[in-house]
Amino acid sequence: MSDSETGVYEKHGNDGKKTGKRFTGTLARFTWMSVCFGINHGTLSAMIPLATSEFGAQGDWALGVLYALYTLSAVCCGTLVVAKVGYKQALLWGCLLDSMFVAGLFTGLVVGKGTTTSWIVSLTGAGMGGLASGFLWTAQGGYFTASAKLYSEESNRSLEDTTSVFSAIFATAYLSLELLMKIGSSVSLVVVCESDWDGNVLMGKCGSGASDSSASHLEYESTVITYAVFSGVSLLSSLGLLLLPDLDDPNANNEHRSLTATIRLLRTDPAVTLLGFNNVFFGLISGFLNSYVTGTVIKNTLGGDKIGYFSSMAPLVAAGIAAPLSWLNNKTGTKAYTMAIGYLGGGVVVFVFFIVNFTGDVEASLGTWPAMSAVFICAGVYRGVWEGTNKALFADHFSTDPTPAFASVILQSGLASAFSFTLSPYISSGVEEGALVVVFMMSVGGYAWFVWKYPGGRETPDNIQFPSETEEEVRLLYDS
């Protein structure tokens, strides 16, 4: 690929020698990718809590299929698809197919929840979205790392500083747009109800001056409109990726880029396991919040129409702290402080539910606006760190070949979410909360071990080793 295609141009002095590069395009194009990706995946994320509350068991099964195939795709074809078609095409087709999850739920709602046709279209859409997400997030991680390395070289900044900045850009764009989608899912009911809305925007409900059947019809109409708009927005944002240039994958022709690349990395590099406990915890807590907390606690106490407001609090907080966390990373020269902040937020959520569940009534104690707001704010702090600093750690440590590493993030978090959504209807909340506490402790311990084992936070030729490689081959790959 030529420099003009990537937006990087060589400067030449009067003597004809290269004097530097103009690099304004790299940052702008990464930001554009983040915006398009954020809109597309923001609609999917906004649909997750709505699916469980609107479709019940059907929604839980759809999410289980989504995350199961998401995980399978990351393991079996994530690295292979990216290697064959490149970052841009993988992002484009991943987002287009992701839109089918939203469209499947929309169609399933229109044809009648619970019917055979509704089950078929919702599960089919979930399957397509899951398969796409596996290589979509893998491609995003590769595009992120490739862009950060390119910008680092062009601007003479360290890779660690650059990944902190780029992770903040992506997290802010992605989470802010997800926030707008989730708020929209609740505001739509206010718009549809018009004069029949009783109370303020946050605390009110549809019903003033309308019969129960009329209010129910208005809620259904609002839901249909929300699903239809999300389907269209998701598709259009995907097409925006056509404006991106591609970035070369330096490992596209590497002998290790195969169906088993991710599994091989998991077997050979302990850093993937040590950091992976945090990905498992993220998957479990995401399923817990979007299934039990929103689908049971909030729905039974404050009303299903309030789910959008609470689920939007997490991305609001996460987006708001992305830039300050990046500043803290660069100021201190380490990502340990922001990781500690994230663990604090996630720990508060799981221990509060765990303790309250064994000492009192969860819905009576936590089913209030102040309590639920505090829960989702803390969850937002944890998510902001996971989306930003945690992924920057992967970009730093696996900078020579990020694609299998980011596929492992999907494997670990996706499999955990799949189990959470699928098993949630059949296990008690106490068991689920106990599992969260255990995995949380393993996550903290895993990160502490990672910091001790890799003080610099970066991979070296000595800790990159595939079974089929000689030491000399490893060093040649690293030096390249």
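When atom types are taken as modelled, the side chain of S417 and the backbone of G287 share no donor-acceptor pair closer than 3.5 angstrom. The closest donor-acceptor contact from the side chain of N40 to the backbone of C36 lies at 3.5 Å or more, if one exists at all. Distance alone, capped at 3.5 Å, is enough to place a donor-acceptor pair between the S286 side chain and the F282 backbone.
To the nearest 0.5 angstrom, M33 atom CE is 5.0 Å from Q140 atom CD. Going from atom OG1 of T334 over to atom CD of E160 covers 10.5 Å, rounded to the nearest 0.5 Å. Atoms CD and CG, from Q412 and L266 in turn, are 6.0 Å apart once rounded to the nearest 0.5 Å.
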Check: side chain to side chain contact (heavy atoms under 4.5 Å, CB included) between V280 and M442: does it pass, once the steps are laid out?
Finding: CA-CA 10 Å; V280 173; M442 294 173 68; over 6 Å; no
Item checked: ring-ring contact (aromatic ring centres under 6.0 Å, His included) between W137 and F144, intermediate numbers included -> CA-CA 10 Å; W137 276 103; F144 163 69; over 10 Å; no
Next item on the list: For F170 and F166, run ring-ring contact (aromatic ring centres under 6.0 Å, His included): C-alpha distance rounded to whole Å, both residues' side-chain angles, the deciding distance at 0.1 Å, then the answer.
Entry: CA-CA 6 Å; F170 179 77; F166 273 51; over 10 Å; no
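Donor-acceptor pairing under 3.5 Å is lacking for the side chains of Y382 and N390.
None of N330, D396, T389 except one satisfies the side chain to side chain donor-acceptor pair (under 3.5 Å) rule with K335; the exception is D396.
We find that K149 and E153 are not joined by a salt bridge, their nearest charged nitrogen and carboxylate oxygen being 4.0 Å or further apart.
With contacts defined as side-chain heavy-atom distances shorter than 4.5 Å, the pair Y151/L27 qualifies.
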